[in-house]
There are 2 protein chains.
Amino acid sequence: MKNVKKVLLEEHEMPKQWYNIVADMSGEMLPSLHPGTGQPIGPDDLAPLFPVGLIEQEVSRERYIDIPEEVQDIYKIWRPSPLVRASRFEKFLDAPVKIYFKNESVSPAGSHKPNTAVPQAYYNYKEGVKSMTTETGAGQWGSALAFACELFGIDLKVFMVKVSFEQKPYRQFMMNTWGASVVASPSLLTAAGKQILAEDPDSPGSLGIAISEAIEMAVKDEKTRYSLGSVLNHVLLHQTIIGEEAIRQFEKIDQYPDVVIGCFGGGSNFAGISFPFLRGNLTGGQNTRIVAVEPHSCPKLTRGKFQYDFGDTIGMTPLIPMYTLGHKFIPPKIHAGGLRYHGAGPIISQLLKDGLIEATAIPQNESFAAGIAFARTEGIIPAPETNHAIAQVIREANKAKEEGVEKTIVFNFSGHGLVDMAAYDQYLKGQLSDFSISDQQIKESIESSTVLPAMS
Amino acid sequence: MKNVKKVLLEEHEMPKQWYNIVADMSGEMLPSLHPGTGQPIGPDDLAPLFPVGLIEQEVSRERYIDIPEEVQDIYKIWRPSPLVRASRFEKFLDAPVKIYFKNESVSPAGSHKPNTAVPQAYYNYKEGVKSMTTETGAGQWGSALAFACELFGIDLKVFMVKVSFEQKPYRQFMMNTWGASVVASPSLLTAAGKQILAEDPDSPGSLGIAISEAIEMAVKDEKTRYSLGSVLNHVLLHQTIIGEEAIRQFEKIDQYPDVVIGCFGGGSNFAGISFPFLRGNLTGGQNTRIVAVEPHSCPKLTRGKFQYDFGDTIGMTPLIPMYTLGHKFIPPKIHAGGLRYHGAGPIISQLLKDGLIEATAIPQNESFAAGIAFARTEGIIPAPETNHAIAQVIREANKAKEEGVEKTIVFNFSGHGLVDMAAYDQYLKGQLSDFSISDQQIKESIESSTVLPAMS
C-alpha cells in the first residue's frame, strides 16, 4: 500500500459523519447580529432562508453529525475521492517533500462544491421546498447546486457574477444542462441589482452583490429558499468529509501531514480539508500547520480587519464577526472567481484570530505558473482557485529545501480547470494582471463599510 | 461488494498486459496494400512514421503483450478506472435492465485517449524521438497526446479539424497548457492542406484531411514521427486495458454483461471496451452482443462499403481493407467530432463482415437527448461522442421492456462533455441538425473514392 499513486477508500469506508469543529473550539464564538436590533440572531431569523435541518446544523455544538443515507448514496457517485501522491510534481520541485493532494475534481461538477450542495438540496427537499435561489462566482457552486437540485426535483435560479458569466459561458451551459436557470448579476430582477446598476451600469458584479440578489429573490417568495455555497457553519460542516477521508487514507499509508493547504474564498474547501486535521491539533496532540491561501488581490485574511460586517454587498445578511475588506469591496477580475469574496466565514475568522491557522496571499501570475507546472507533471489541469494552493505548496517545498527539512504536505485539489481554459490561454499569452491593492484602498473600503465598531 | 455504486480495482489489480484480438480471429485478415505497388505493406513501409516498438505491435499475432512498467506508472494517475452502476439512470428508464458504465472520463484529458497516447509517446521516447505530429477531431486525441508527450519531453504539433478548432477553443488551450502547438486544418503548412484550400477555401476540415497534413509533416522531417489516435491495430491494442479491467470488475460483483456498447469513430474506445468480451465469445463460450454505435450522419458501418480505401483524404496512407464511405467523404459538422471519420479500422471491419459484432446509427438530436437524461440522473455530463452509446443503451432498455427480458448492459463512458458545453447549449436551444445523408451521396462518395475494385 505504501507505494501506490492513489490511496483509495472503498465505499463502505466512507465516513458516515461530518465533523463540527465548533465543539472543539475553546473560546466562545461571537454571535452573528441582527443589523436592525443589534441582537444575536436565532433560528427564527434564518427560517425564511433555510430549512430547519440546516438551521439546526448552523447552530449545533455536537461534535459529529450523521450524514443522511440518501446523501451518502449520492456521494457515492464520486466519493470517496482519491488521495494522490504528486510524485512527478515532487521530482520537478526537487525538494525534500512528500506531496499529496485530495482530488475533489472527480465530482460531476468538477469540484468539492457538491459535498454541501447535495445535503443542502436534500434538507430542502425533505421539508417540501420546490424552488431555490443561489449565487455563484466562477460557476463552481452554481453548477454543483444545479446538479444537486436536479436530483431532488427542485427548481433553481442562479445569480452568476457578471464577469464570470461572460468569461465562463460553459459553466452557464452546465447549469442549464442540469436544468437550472442562470442570470448575470447585477440583474434587473431585484431591487439590489437595480441599485448597483444605477450606481455603475458596467459593474462586473461580485459574490457579495449576487448574494444580495439571491437572498432578495428567496425572501420575496414564501415558498422559495436560499442556499449559500461557503462561509456558513453548516456549509463548512458538510465539507469536512474531505478531511475525514484524507485522515483515513493517510492511516492506510502510515503517514501524517506536517502542512495542510487549501485555497481560500469563503472557506469551504479550506475547512473541508483542514478541520479534521485541526482536530488533531486541538485534541490529539498533533502539531500540523494549517495554511489558508487567498489571492493577493482579495486579501481579507492577510490584510483585512476583524469586525462585524455584512456577508453581502447591499446589507441583507446578519452582521457576521469576520475578517473582511468591507462588504463594499469589489475584488478585481481575477479568474479565480471562487476566491473573489470580501470576507471570511466566522469560524475561520475566529481560528485565524486565535492563531490556530495561518494565512498567505498569492498573486495571480504566480498561481497560474504553479498550475501549469502541476499540469505538465501530474497531468490534471487545476482550477484557477486550486492554483493558489499549488503555488503555496511550491513555496513550502522551496522553504523545506532551503532549510534542509523533510516535510509531508497535503493540499486540497478543489477543482479542475477544464471549464476555465480561457484563463490559461490568457496566462500563456502573458495577458494576466496581478491587480495590486493599495493599503489606502483597503482602508477606505473598510471604513466605508463599517457598521459597528471594530472588535479587539 | 454487490451493492456498490462504483466497482473499484486497486492499482496492483490493474492488468499488466494488453489483449491482441488478432490472435483469436479465425480467418486470415486481409493485408493493407502499398498504393503504388499494390503489394502488402511491411514494417519497412511504416518505419518513416512509427517507432519499431509500435510497428511490432501493429503486425503482432501474440495474444497478450506486456504493458511496460513506465506506462503502467503513468496509467496509475487515473487507472484502474471505475466500473459504475448507473442505478439512477436505470430507475429513470424503468426497464428490466442493469446498466453499468466504464468511466474513462477520469483521465487528465477527460477521455479514454490517454490509454494509447501514453504508450505511443513512450515507445517514441525510448527510440529517441523528440518531435511528433498528429491530427485531432474534437480535440480529445490531440489533448491526450499533448499530455503524454509532455511527460516524455517530446514536442508535438497537432492538426485540429477546423470546425472543431472553432467550436472548441478550450481544447486548443488544453493542448497549449500541456506544451503542444495547435494548427487549424486544412492549413497552409502542408501541400495537402493547400490543395484542399484551393478546392474549397471554406473547407470545415475532416479527420481525413488532418491525417494527411500530419503525415506529410512527419514524413518531411526524418526525425519527426507521426501518431494516430484510432483505427490502427496497435492503437486498439492499447485500449483493451478498458475491457480487461471491466472483466475483472464484473468478476468482483459476480456479473457478466449480455450487451457491450461503445460509440464508434475509428474504433478505439469501442475496441477497448469490447475486445476482451469478444474473446469470451470467440474462445470462452460466451454469447454477448457487441454493438458499435456510429452517428447517423457518418454511417460507414451501417451504410458503407467493405473495400480497400485510404485512411486519409489525400491518399497518403496505405490502402486499408475497411468499411468506408469513401476517403473523400466529408462528414457533416456534428459536435461528436471524434466520430467524424469516413472509415473503420481493419480489425473492426473484418469483425463486422464476419458477423461477430453489430452496428447501429444514432441521429445527433437523439444522442443529446440521451446525454441530457444521463446527466440529470447520474450527474456526469457525457461527451457528444459518448452520447451515442447512451442513446443505444436507451434503445436496448426499451427493447428489453417491450420484450419483458432482463438484461445486463455495459457501455464505455468514453469521455466527459465539459469542454463541449457549447454543443449542449445549442441542443437546449433546439439548434442542432441531424444532417441526413442520402443513399445517392454515399454512392457518389464511394465511387469517386474507389481505388481498387470492391471485395466480396
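Labels below follow one simple rule: chain letters A, B, ... track the order of the sequence lines, proteins then strands, and each chain is numbered from 1. Given the structure is predicted, the values throughout are model-derived calculations rather than measurements.
Checked for salt-bridge contact, B:E11 and A:K6 meet the test: a charged N lies under 4.0 Å from a carboxylate O.
With chain B as partner, the option from A:I381, A:T377, A:N176 having the largest number of non-hydrogen pairs under 4.5 angstrom is A:I381. The residue among A:D73, A:I380, A:D425 with the most heavy atom pairs within less than 4.5 Å of chain B is A:D425. Per-residue counts of heavy-atom pairs under 4.5 Å with chain B were compared for A:R171, A:Q172, A:R376; the largest is that of A:R376. Options B:D420, B:T177, B:I372 differ in how many heavy-atom pairs under 4.5 Å they form with chain A, and the most are formed by B:T177. If you tally non-hydrogen atom pairs under 4.5 Å between each of A:Y424, A:W178, A:Y427 and chain B, the highest count goes to A:W178.
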Q.
Please determine whether side chain to side chain contact (heavy atoms under 4.5 Å, CB included) holds for the pair B:H12 and A:V4, giving the CA-CA distance in whole Å, both sets of side-chain angles, and the decisive distance to 0.1 Å.
A. CA-CA 8 Å; B:H12 68 85; A:V4 295; over 6 Å; no
Q: Check the pair B:K5, A:I77 against side chain to side chain contact (heavy atoms under 4.5 Å, CB included), reporting the backbone distance first and the verdict last.
A: CA-CA 7 Å; B:K5 176 75 181 166; A:I77 290 177; 3.9 Å; yes
(Q) Assess the residue pair A:M174 and B:L418 against the criterion (side chain to side chain contact (heavy atoms under 4.5 Å, CB included)); give the C-alpha distance rounded to whole Å, side-chain angles, the decisive distance to 0.1 Å, and a yes or no. (A) CA-CA 8 Å; A:M174 285 171 73; B:L418 299 184; 3.6 Å; yes
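Contact annotation for B:F147: only side-chain heavy atoms (C-beta onward) come within less than 4.5 Å of a heavy atom of chain A. Interface remark: B:V419 contributes backbone and side-chain atoms alike to the contact with chain A (heavy atom separation under 4.5 Å).
Around NZ of A:K98, the count of heavy atoms belonging to other residues, nucleotides or ligands within 6.0 Å does not exceed 12. For B:Y75, the OH atom counts as densely surrounded, since its 6.0 Å shell holds more than 12 non-hydrogen atoms of other residues, nucleotides or ligands. Other residues, nucleotides and ligands contribute at most 12 non-hydrogen atoms within 6.0 Å of the NZ atom of B:K130. For A:Q431, the CD atom counts as densely surrounded, since its 6.0 Å shell holds more than 12 non-hydrogen atoms of other residues, nucleotides or ligands.
In plain terms, the two heavy atoms of B:P169 and A:Y170 that are nearest each other are CD-OH, 4.2 Å.
Annotation: the span from A:M421 atom CE to B:K168 atom NZ amounts to 15.0 Å, rounded to 0.5 Å.
Put simply, the side chain of B:R88 reaches to within 4.5 Å of the side chain of A:I74, judged on heavy atoms.
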